[in-house]
Amino acid sequence: MTDLSTAVGAALRDVPDFPKPGIVFKDITPLLADPELFGRVIAWMAALGRAAGVTKVVALDARGFLFGGALVTELGVGLVPVRKAGKLPSESIKVSYALEYGEAEVELHVDAIAPGERVMVVDDVLATGGTAGAAIALVRALGGEVALAVFVIELGFLEGADLLGVPVESLVVL
Ligand code: AMP
């Protein structure tokens, strides 16, 4: 484990039974409130994106936006939001994915990714992989190539990384 992983692990706050009984919510707000540590996380993500030669960062609704926005200023590439259904204003494509109970939908603007573009997907937490998997499907539907997916925290016991079919980098694996 790197010094950065240890420091981020120590900064996270576990909130039991949020948003519902049985879930331990990984709260990243202490990390966001620490500009030195947050900056090191962004630098770690930027190094990965630079090495992969990405031309877009695809950030996942909603906490992925916090990392994506800072990351693109380091990388010098465009930021693309994948949003929950009904939020994007212009023409979009949509995909449904399974949740623990029921299903959810995410959307992407049709002109957000050019065919052949190399993309990096970013979010705070990888749990079952349903959300990131749906985002990857949307990028691919527009002809983009997902070079890697990057997370601050991966709940390794849920084995979400195995579902994604792209290289996955996580700072803290629990
Ligand atoms: P999943 O689709 O199961 O991989 O869930 C990932 C999405 O749900 C991410 O956008 C996370 O922000 C959020 N999420 C899932 N589980 C947790 C958790 N235990 N703590 C915080 N966020 C979570």
Side-chain angles (χ1 to χ4, degrees), residues 4-34 37-38 41-42 44-45 48-49 54 56-72 79-88 92-109 112-113 119-141 144 146-174:
L4 182 57
S5 302
T6 305
V8 170
L12 300 173
R13 176 164 55 196
D14 281 359
V15 183
D17 299 319
F18 182 88
K20 56 187 178 184
I23 304 285
V24 179
F25 191 86
K26 298 293 172 185
D27 179 17
I28 57 160
T29 60
L31 164 62
L32 299 175
D34 179 339
L37 188 57
F38 184 64
V41 170
I42 296 303
W44 170 77
M45 290 180 171
L48 291 168
V54 301
K56 285 276 163 62
V57 169
V58 169
L60 308 189
D61 199 343
R63 288 178 298 278
F65 299 164
L66 301 166
F67 295 91
L71 176 57
V72 292
L79 177 64
V80 171
V82 161
R83 297 220 61 184
K84 289 166 186 152
K87 300 288 186 185
L88 286 175
S92 302
I93 53 171
K94 183 190 308 210
V95 69
S96 303
Y97 63 100
L99 292 177
E100 201 178 349
Y101 302 107
E103 50 173 45
E105 290 177 328
V106 284
E107 294 182 335
L108 178 62
H109 275 155
I113 307 286
V119 164
M120 170 177 185
V121 170
V122 177
D123 203 1
D124 64 335
V125 176
L126 173 64
T128 65
T131 310
I136 290 167
L138 288 171
V139 170
R140 288 181 174 157
V146 180
L148 77 164
V150 178
F151 304 91
V152 180
I153 306 146
E154 176 180 336
L155 305 181
F157 56 91
L158 293 175
E159 299 179 348
D162 299 343
L163 271 187
L164 299 186
V166 301
V168 171
E169 296 282 351
S170 306
L171 197 49
V172 178
V173 181
L174 300 169

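Both counts, for ligands and for their atoms, begin at 1 and track the order of listing.
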* Select the closest option to atom 14 (N) of ligand 1 among Asp14, Val125, Val152, Leu155, judged by heavy-atom distance. =>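 Answer by nearest heavy atom: Val125.
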* **Nearest neighbour of atom 9 (C) of ligand 1 from the list Leu158, Leu174, Asp123, on a heavy-atom basis** => Asp123
Who's the nearest protein heavy-atom neighbour of [atom], and how far?
{"atom": "atom 19 (N) of ligand 1", "answer": "Val24 O, 3.0 Å"}
{"atom": "atom 3 (O) of ligand 1", "answer": "Thr128 OG1, 2.5 Å"}
{"atom": "atom 20 (N) of ligand 1", "answer": "Lys26 N, 2.9 Å"}
{"atom": "atom 22 (N) of ligand 1", "answer": "Arg63 NH2, 3.2 Å"}

* Asked: Between the main-chain N or O of Gly86 and the side-chain N or O of Glu107, is there a donor-acceptor pair closer than 3.5 Å?
  ->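 A pair under 3.5 Å: yes.
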* Any donor-acceptor N/O pair, Ser170 side chain to Val172 backbone, under 3.5 Å ->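 No: the side chain of Ser170 does not pair with the backbone of Val172.
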* For Asp124, the ligand 1 atoms whose distance to one of its heavy atoms is below 4.0 Å ->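 Contacts of ligand 1 toward Asp124, numbered from 1: 11 (C), 12 (O).
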* Test of proximity, Ala127 against ligand 1: N or O pairs below 3.5 Å -> yes
* Answer yes or no: does an N/O atom from Thr131 fall short of 3.5 Å to an N/O atom of ligand 1? => yes
Do you know which two heavy atoms are closest between [X] and [Y], and how far apart they sit?
{"X": "Val106", "Y": "Leu138", "value": "O-CD1, 3.7 Å"}
{"X": "Asp14", "Y": "Lys26", "value": "OD1-NZ, 2.6 Å"}
{"X": "Phe67", "Y": "Ile42", "value": "O-CD1, 3.6 Å"}

* Mind checking whether Met120 and Val58 have side chains closer than 4.5 Å, heavy atoms only? ->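 Not in contact.
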* Side chains of Val54 and Leu148 in contact at under 4.5 Å (non-hydrogen atoms) -> yes
* Can a protein heavy atom be found under 4.0 Å away from atom 16 (N) of ligand 1? -> yes
* **Any Leu60 heavy atom less than 4.0 Å to ligand 1** =>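 Distance cut 4.0 Å: Leu60 fails for ligand 1.
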* Using non-hydrogen atoms of the residue, decide whether Gly129 is closer than 4.0 angstrom to ligand 1. => yes
* To do: Using the six-membered ring wherever Trp is involved, compare the ring planes of Phe25 and Phe18 and label them parallel, tilted or perpendicular (cut-offs 30° and 60°).
  =>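 If you compare the ring of Phe25 with that of Phe18, the planes turn out perpendicular.
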